[in-house]
Every structure is written in structure tokens, then in C-alpha cells.
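Worksheet: one structure, shown below.
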Amino acid sequence: MAEMNPITAWRRLLALPNESRTKTLVIAFLVSAVCALFVSGATVILRPIQTANRAAEQQARLETLIAGIPGMSDLLAQQGGQLSTVVIDLNSGTVAGDVTPATLSAALQDSSNWTGLATAQDLAGLGQRPDYAQVYFLRDSDGALSLALLPISGSGYNGPIDAILALRADMNTIAGLAITGQSETPGLGGRIEEPAWLGQFRGKSIADASGEVRFAVAKGVAGSEFEVDGITGATRTSNAMTRIIRFWLGPDGYGPLLDAVKRGEF
């Protein structure tokens, strides 16, 4: 029975010469196992902190975006600095009855909650689109909707571009745009984060009287109420921004939601 005693076995292992292959392999295995245990434990412990930090970072970006819109920073302050949050069923443009902000991440791990996009549909280069999206609403003191903040994303020249688009209550006027993630070429496409360029979006119209989405990043200087200036030397990034915004404001993106808001359903 002494051979089965772990303490005795450990002592025998330590008594082996350092050149022993058995001793080397066992010690290496034990060190690896202990390190893996510590890493796994740290990941579990830190995950809530990381989630909270990401949420705080996104909230800060939203507040910065709103602060740049005349009159909106005061309204946000009146509401305690918080936006109302809701998960939208993108297929119907209605509030998702069985998916909440707390369960959205888990819901999107289910492949059945994603819709594949045909090439003609996929302006943003996503390949597939989630069936649910978390959006943010800002309301005035009377409860009337004054601003909708819509997360958008798509393929840029060097990688994904993530942004939040703010629309006024008419759902046809851009109140602002904040880039939340991009990997475009510094000094060229990377300029989509510059405040001077983003400032052009305020007041631009999305669609014409017929409802056709006409917003575009111009090839040069903007020539209409639907355009912003292009970025010199970054044609592909400019085109990507046009496609991303047109996709998300069209029928395969937030189109059903915009129509529902216009009908007074929010």
C-alpha cells in the first residue's frame, strides 16, 4: 500500500536525479497543469470585469457622440446620463420578445439566429447578419423619442469597421456617427475617426422622398444633402462606409425598425 501513497510517490520522484527523464517529464507536466489552472481561474474571475469595462467604454463613446449634438448633452444629463436599451428583431423591426440585452450574447451563439446574405444583398460584406441587435433610444422629458443610436458594422479595406450611427426622431436625418473599431490604413482610411470628417454627417439626409436610401461618401467634395466629402487617397474605405451605411439603413438592416418608428410604434 505504501506504493499507492501519493506522498511517498512524490518523495521518490524528488529523490530521482535531475537528469532523470521521468522526473523531467512529470515536473514539466505538473508545472503546465498548474499554470493552465491559474490561467483558467484568472479568465473566469476577470471575465465580469472585462465585460463591465467594455460596457463602460461603449457608454462613454455614446455619451461623447451625444455631447457633440446641440441640445442632446443637456437632455442626456436630465436622464441621469443613461440611455434606454432594447433588443430589436431585425426581421420585423419590433422589440424582441424572448431576447434581452442580458441574453443577447447567448442568443447569437445559436447559428439559427443568423441570416445568410446573398451577394446582391450583402452591401456591407458581412456574409451573414444577426437576427437581433441591441439599439439605444434617447427620449425627451415627455417620453417622446428624440434620438436612436444604431450599431453598424461591415468590411473595410483592411478589416472590419464598427460604428454607431445616431438618427434624429424623423429617422431620416443623421445626428452623428462614432467609429468604435477599425483597422484602416493610418493617415488614409484611418482618418474616418477624425472629428472633422465625422462632423460632416450631422444633418445629412438618408433617403429621398421616394424612400430610396441615397446616403453616400462622395468621390470628392459632397454635392448634395445626402453626401459627405470623400477621404483623399482612401477610395476603398470611403466606398466601404457608403455600403455599410446603406446596408444597415436598408430593408435587410434597420429598415423595418425605421419604418416602425415612423409609424409611431416606438
Side-chain angles (χ1 to χ4, degrees), residues 36-37 39-62 65 82-138 145 147-167 171 177-183 213 240-241 243-263 265-266:
L37 181 62
V39 170
S40 298
T43 300
V44 172
I45 294 172
L46 293 176
R47 185 175 295 124
I49 298 174
Q50 293 171 337
T51 300
N53 287 341
R54 285 194 295 268
E57 182 180 3
Q58 185 177 52
Q59 181 69 21
R61 285 173 174 154
L62 292 172
L65 172 61
Q82 296 294 321
L83 301 168
S84 63
T85 304
V86 64
V87 175
I88 298 296
D89 183 329
L90 292 174
N91 292 316
S92 63
T94 59
V95 176
D98 54 352
V99 180
T100 67
T103 63
L104 177 61
S105 178
L108 294 184
Q109 291 180 11
D110 184 345
S111 60
S112 67
N113 289 327
W114 290 75
T115 296
L117 299 170
T119 302
Q121 295 174 292
D122 194 14
L123 297 177
L126 296 170
Q128 58 180 352
R129 184 219 67 192
D131 291 341
Y132 303 101
Q134 183 175 348
V135 303
Y136 308 85
F137 292 136
L138 185 64
L145 181 64
L147 201 67
L149 302 181
L150 311 176
I152 61 176
S153 61
S155 295
Y157 175 50
N158 285 335
I161 295 175
D162 300 311
I164 295 176
L165 182 67
L167 298 182
M171 296 294 108
L177 179 71
I179 303 297
T180 57
Q182 59 91 12
S183 54
V213 177
M241 290 302 301
R243 293 193 300 269
I244 291 170
I245 292 176
R246 285 189 175 184
F247 170 81
W248 283 105
L249 297 181
D252 296 308
Y254 292 113
L257 170 63
L258 305 189
D259 291 340
V261 173
K262 292 175 184 178
R263 292 193 299 266
E265 297 177 11
F266 280 86

Give every residue pair that meets the side-chain hydrogen bond (donor to acceptor under 3.5 Å, both in side chains) criterion with at least one member in residues 148-165, sequence neighbours excluded. Asn158-Thr185
State the [atom1]-[atom2] distance between [X] and [Y], to the nearest 0.5 angstrom.
| X | Y | atom1 | atom2 | result |
| --- | --- | --- | --- | --- |
| Thr115 | Asp252 | OG1 | CG | 9.0 Å |
| Ile152 | Thr180 | CD1 | OG1 | 8.5 Å |
| Leu257 | Asn91 | CG | CG | 12.5 Å |
| Leu177 | Ile164 | CG | CD1 | 9.5 Å |

List in chain and number order the residues that pass ring pair (Phe, Tyr, Trp, His ring centres under 6.0 Å) with Tyr132, two or more places apart in sequence or in another chain; answer none if no residue qualifies.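 With neighbours one apart ignored, the set is empty.
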Test ring pair (Phe, Tyr, Trp, His ring centres under 6.0 Å) applied to Tyr254 - qualifying residues, sequence neighbours left out: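 Partners of Tyr254 under the ring pair (Phe, Tyr, Trp, His ring centres under 6.0 Å) test: Trp248.
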Of all residues at least two apart in sequence or in a different chain, which pass the side chain to side chain contact (heavy atoms under 4.5 Å, CB included) check with [X]?
| X | result |
| --- | --- |
| Pro101 | Thr85, Val87, Gln134 |
| Arg246 | Leu123, Val213, Ala216, Thr242 |
| Leu145 | Phe137, Arg139, Met171, Val261 |

Hey, mind stepping through Gln121 and Leu126 against side-chain contact (heavy atoms from CB on, under 4.5 Å) and telling me if it holds? CA-CA 10 Å; Gln121 295 174 292; Leu126 296 170; over 6 Å; no
Tell me every residue that passes side chain to side chain donor-acceptor pair (under 3.5 Å) with [X], counting only those two or more places apart in sequence or in another chain.
| X | answer |
| --- | --- |
| Thr94 | Ser92 |
| Asp259 | none |
| Ser112 | Asp110 |
| Gln128 | none |

In terms of heavy-atom contacts, Pro256 and Pro251 come closest through CD-O, 3.6 Å
Sorted by first residue and then second, give each salt bridge (Lys or Arg N to Asp or Glu O under 4.0 Å) pair with at least one member in residues 116-134; sequence neighbours left out. Arg129-Asp131
Give every residue pair that meets the salt bridge (Lys or Arg N to Asp or Glu O under 4.0 Å) criterion with at least one member in residues 90-101, sequence neighbours excluded.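 Non-adjacent pairs meeting salt bridge (Lys or Arg N to Asp or Glu O under 4.0 Å): zero.
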Before giving the answer on side-chain contact (heavy atoms from CB on, under 4.5 Å), spell out for Leu149 and Leu165 the whole-Å C-alpha distance, their side-chain angles and the decisive distance to 0.1 Å. CA-CA 6 Å; Leu149 302 181; Leu165 182 67; over 6 Å; no
May I have the step-by-step check of side-chain contact (heavy atoms from CB on, under 4.5 Å) for Tyr136 and Leu150, ending in yes or no? CA-CA 7 Å; Tyr136 308 85; Leu150 311 176; over 6 Å; no
